[in-house]
Amino acid sequence: MTQIHIFIDGTWLFKVCSAGSALAYTTDSPTFPFYIDWNKFDLAIKQHAGEASGHELELGERVLATSIFALPEDFDDWSNRFLDITTEKIEKTKRVVFAKNRFAQAAVDAGYSEIAIFRPEIKSWIIPKLEDSSYQEKQVDTTVVALLVKSAITRPEDYHAVVTGDADMIPAIKTAYPEYTRNVLIISTHPDELDATRRQSSFSYFDFVFDLQPFFLQNNAENIMLGNNVYRCVECGKIFTTQNPVPVNRQPRCKNDRVS
Ligand SMILES: [Zn+2]
């Protein structure tokens, strides 16, 4: 049976799920992270790719690529050892590492491969760079391209999805796999974010041709969000979850639009 293989730039996806980011803003609580239900996520992609390609598909290889710093035993003590590292920066780094581990583990628990989860040891010079976002993580995007191209070349009859916000990946894919238009699927946030004029990339999604319609995460937020009772508010259109199901005779309203 024809398969859909999924390769995720997990560093980017983690960012768009964090508080205040693109996916968090689809919900009624944008100051909280957006939590993905990975089984729903896979199903939504499989369904989209199936409809776009006209094939019945089954899930194939799934890889989440990301980089999570390994923290040393004596990490708390670094504030005493390095002048520019404060206790606050140490705590913040620990929080991010914890959240990223939880994010990656949920994907692994749902069946994603761990082969591309890198765990480099943190170095003291990196911490100030994390603070001003000047730290350049290099291994993740190149790994995603390599895995996708390998998958496409070895399984040309299947479909291959790449989850990324970086249109600069596409020329590399095109060079190594010129047939990409036929069976490579882009999964991203809003199309404007893949537009080179809006962000610091050289290329735009619109410079390339794809047979398959891209899958936009915001448009599918309610289909990928964690929670047993996920609704779209009839007033503002934001997504929300509830402890108990909304009674069938009542319209779903988010916490901001609920009158008690
Ligand atoms: Zn609302």
Side-chain angles (χ1 to χ4, degrees), residues 6 8-52 59 62 64 66 92 95-96 98-107 109-110 112 133 161-167 185-195 197-199 204-206 212-260:
I6 305 172
I8 302 178
D9 176 348
T11 297
W12 171 80
L13 187 57
F14 176 75
K15 269 189 210 137
V16 296
C17 287
S18 63
S21 290
L23 276 172
Y25 265 98
T26 65
T27 75
D28 68 343
S29 308
T31 56
F32 287 88
F34 182 96
Y35 292 107
I36 292 176
D37 180 320
W38 291 95
N39 293 313
K40 286 191 199 167
F41 181 87
D42 291 347
L43 259 174
I45 291 171
K46 187 179 83 161
Q47 194 175 341
H48 173 89
E51 283 165 12
L59 289 171
R62 286 165 293 150
L64 178 88
T66 193
K92 193 178 170 195
R95 278 198 304 276
V96 172
F98 180 84
K100 225 173 180 186
N101 265 313
R102 190 162 72 163
F103 171 84
Q105 190 58 49
D109 290 346
Y112 277 79
S133 302
V162 56
V163 182
T164 181
D166 185 359
L185 167 71
I186 297 284
I187 297 170
S188 195
T189 42
H190 198 273
D192 288 351
E193 284 157 66
L194 284 169
D195 184 350
T197 58
R198 296 206 172 220
R199 55 187 298 283
S204 164
Y205 172 78
F206 302 104
L212 304 179
Q213 277 291 315
F215 180 90
F216 293 120
L217 296 170
Q218 282 112 320
N219 302 351
N220 289 280
E222 64 199 296
N223 303 321
I224 62 172
M225 188 179 178
L226 188 68
N228 288 328
N229 309 299
V230 178
Y231 300 98
R232 184 181 288 272
C233 174
V234 291
E235 304 290 344
C236 67
K238 299 282 185 184
I239 315 297
F240 65 98
T241 59
T242 54
Q243 204 81 30
N244 301 307
V246 173
V248 283
N249 60 350
R250 206 176 295 170
Q251 301 262 53
R253 286 186 170 81
C254 78
K255 67 174 185 323
N256 306 317
D257 290 315
R258 232 168 280 156
V259 259
S260 44

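Every number for a ligand or one of its atoms is a count from 1 in the order of the listing.
- For the Zn ion (ligand 1), protein N, O or S atoms closer than 2.8 Å were enumerated as Cys233 SG, Cys236 SG, Cys254 SG, Asp257 OD2, with waters left out.
- Side-chain contact annotation: Ser29 with Lys238, donor-acceptor N/O pair under 3.5 Å absent.
- You'll find the side chain of Thr26 reaches within 4.5 Å of the side chain of Phe34, heavy atoms only.
- Using a 4.5 Å heavy-atom cutoff, the side chains of Ile224 and Asp37 are not in contact.
- Side-chain contact between Ser188 and Pro214: absent, with no pair of heavy atoms (C-beta onward) separated by less than 4.5 Å.
- Put simply, the side chain of Ile36 reaches to within 4.5 Å of the side chain of Cys17, judged on heavy atoms.
- Classified by interplanar angle (parallel below 30°, tilted 30° to 60°, perpendicular above 60°), the ring pair Phe240/Tyr231 is tilted.
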